[in-house]
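Written below as structure tokens is the structure these notes are about.
Atoms considered below: every heavy atom in the structure, side chains included; atoms not considered: hydrogens, waters and symmetry mates. Convention: sequence-line order gives letters A, B, ...; per-chain numbering from 1.
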Amino acid sequence: MTITAIRGFNDILPGESALWRHIEDEAVKVFSACGFSEIRVPVADRTELFLRSIGETTDIVEKEMYTFTDRHGDSLTLRPEGTAPVVRAYVEHKLYTSPVTKLFYAGPMFRYERPQKGRYRQFYQIGAEVLGDESPRADAETIGMLVELFRRLDVSGITLHINSLGCAECRPGYKSRLKIFLQGVKERLCENCQRRMDANPLRALDCKSPKCIEATENAPRITEHLCQPCNVHFERVKHGLAGLNIAPNINPRMVRGLDYYSKTTFEITAEESLGSQNAIAAGGRYDGLVSDLGGPATPCFGFAIGMERLAIVIKDKGFQERPLAAFIALGAAAEKKGIELLKLWRGAGLRITEDFSEAPLKKRMKRVDQIGASFAVILGEDEIKEGVVSLKDLKTAEQEKVKWENVVQRVFKVK
RNA sequence: GUGGGCGUAGCUCAACGGUUAGAGCACUGGACUGUGACUCCGGGGGCUGGGGGUUCGAAUCCCCUCGUCCACCCCA
């Protein structure tokens, strides 16, 4: 048997990688324009980091982490998400000495789940974090930045869902209120929700089981039990979004899977071809995490985009790599001249490869066609004498002689 | 972790339990020694995912296993 990739770990082949590169390039442009800088954190961190940040009773920690013991006996975990390592780095390097720090990251995350459409064990996220800003405008503007990125990537049919989960002041009170309500309808809840009712009652609101949706129809809503500061914050976030012409869908039932969220949480869904895995980005505020991890009290807001899901949603939008030309030298003199010419053309921005085979021209034409070149650039004895190449458009079969210095503009003209 | 669909050539798929497992596309040689993609003629390709069983005989039926896709749980 030949060796195959690990289950849930995928190769991104050239046809698709061009789109990925495009997404990443656009994200960097948009984030950078908003004042974010890149941070690169390791793919592995101490297991304890994730236990303390994500929460010990979450599904991620309970059953989805790639955890192993290294040769030294330390328990390490492949990062299941990006915020925890970023905050760890923020605290470790004391970046909080700056009043506000805006960071973005991109890279693979790891969760041990059954693969399905838009979900893999190694998956890629692009995320951004605003550390040290408590303003509701930070929430709104950061969501706005994300919406702008999706607009530029030509993602259509997206919906923004937002909610507020309250804070350390008001959430406990709501939680016990909800627990009392759930006790009353306990028999009508699904097994799962009955089991986690005490540890994590909020999850019952997010359950997709029709039983639970029906049973919790009249459950108290968190948005009606926020403390004054949280309520004001939430109102200002909504106001800020309105100022950006973004109409959110207020969803008081939305609960996120990580324990560190407080106040604003949000999710952006795409209706297109994703089935139930339709969240392409999500995030929220986590005002308590930095101090939980040993730093000073630091309000933060962030999000992560799921690359695979985003790629699915924009896949059919016709993004393509720049056209490629192929150089064919006929004879030793042409090969030598080619070294100089290729340098000239490539320096001017042309994508051009060379066919190194010594086969008859017929076969070489076929080869360059097969590798996907749009143009054949032929240099033989006649052309050298005239200071030209024979430039053939492989789509239209039109061929003409073009002066060496005009090759690049001639190719760009056709595109 | 639970449930379902599917595994035959590089790809998309055929083949009633019965000759030597086929076709299209792709690849490759030639017709055609400075012109691909069109046309014509030829060629290579397969432990039918793997293992076991039933049978005179298995790609086909049964069991196990692996892989994959989809859904659930949950999440980006």
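A:Glu64 comes within 4.0 angstrom of sugar-phosphate atoms only, judged by non-hydrogen atoms across all strands, and of no base. Counting non-hydrogen atoms under 4.0 angstrom, A:Glu381 reaches a base of the nucleic acid. A:Lys366 comes within 4.0 angstrom of the backbone, heavy atoms only, and of no base. Among the protein residues, A:Thr58 comes within range of no part of the nucleic acid, since none of its heavy atoms lies under 4.0 Å from any strand. Using a 4.0 Å heavy-atom criterion, one finds that A:Arg111 contacts the bases of the nucleic acid, with or without backbone contacts as well. As judged by a 4.0 angstrom heavy-atom cut-off over every strand, A:Ile378 is placed among the base-contacting residues. Here A:Glu81 lies out of heavy-atom contact (under 4.0 Å) with every strand. In this structure, A:Arg114 reaches the bases: a heavy-atom distance under 4.0 Å links it to at least one base atom across the strands shown. Residue contacts shown for A:Ala376 are absent, as no nucleic acid heavy atom lies under 4.0 Å away.
In terms of polar N and O atoms assigned as donor or acceptor, the side chain of A:Arg256 never comes within less than 3.5 Å of the base of B:rC75 in a complementary pairing. If you check distances only, the side chain of A:Lys362 never reaches the base of B:rG34 with a donor-acceptor pair under 3.5 Å.
Taking atom C1' in both B:rC16 and B:rU12, the straight-line distance is 24 Å, to the nearest Å. Between B:rU60 and B:rA9, the distance separating the two P atoms is 15 Å to the nearest Å. To the nearest whole angstrom, the two C1' atoms, one in B:rU19 and one in B:rG3, are 42 Å apart. Across the C1' atoms, B:rU8 and B:rA58 are found 14 Å apart, a figure rounded to whole Å. Here, B:rC11 and B:rG52 have their P atoms 26 Å apart, quoted to the whole Å.
Of the candidate nucleotides B:rC70, B:rG34, B:rA37, B:rG34 has the atom nearest to the side chain of A:Ser390. Distances from the side chain of A:Gln116 to the nucleotides B:rC70, B:rA76, B:rC69 place B:rC70 closest. Among the nucleotides B:rG36, B:rC70, B:rG34, the one closest to the side chain of A:Asp382 is B:rG34.
For CZ of A:Arg236, the number of neighbouring non-hydrogen atoms (other residues, nucleotides, ligands) closer than 6.0 Å is 12 at most.
By the 30° and 60° cut-offs, the orientation of the rings of A:Phe110 relative to A:Phe9 is tilted.
The CD atom of A:Glu24 sits 10.5 Å away from atom CD1 of A:Ile305, with the distance rounded to the nearest 0.5 Å.
Remark: B:rG3 base-pairs with B:rC70. Criterion, Watson-Crick or G-U wobble with two distances under 3.5 Å.
Side-chain nitrogen and oxygen atoms of A:Gln370 include at least one within less than 4.0 Å of the OP1 or OP2 phosphate oxygen of B:rU28.
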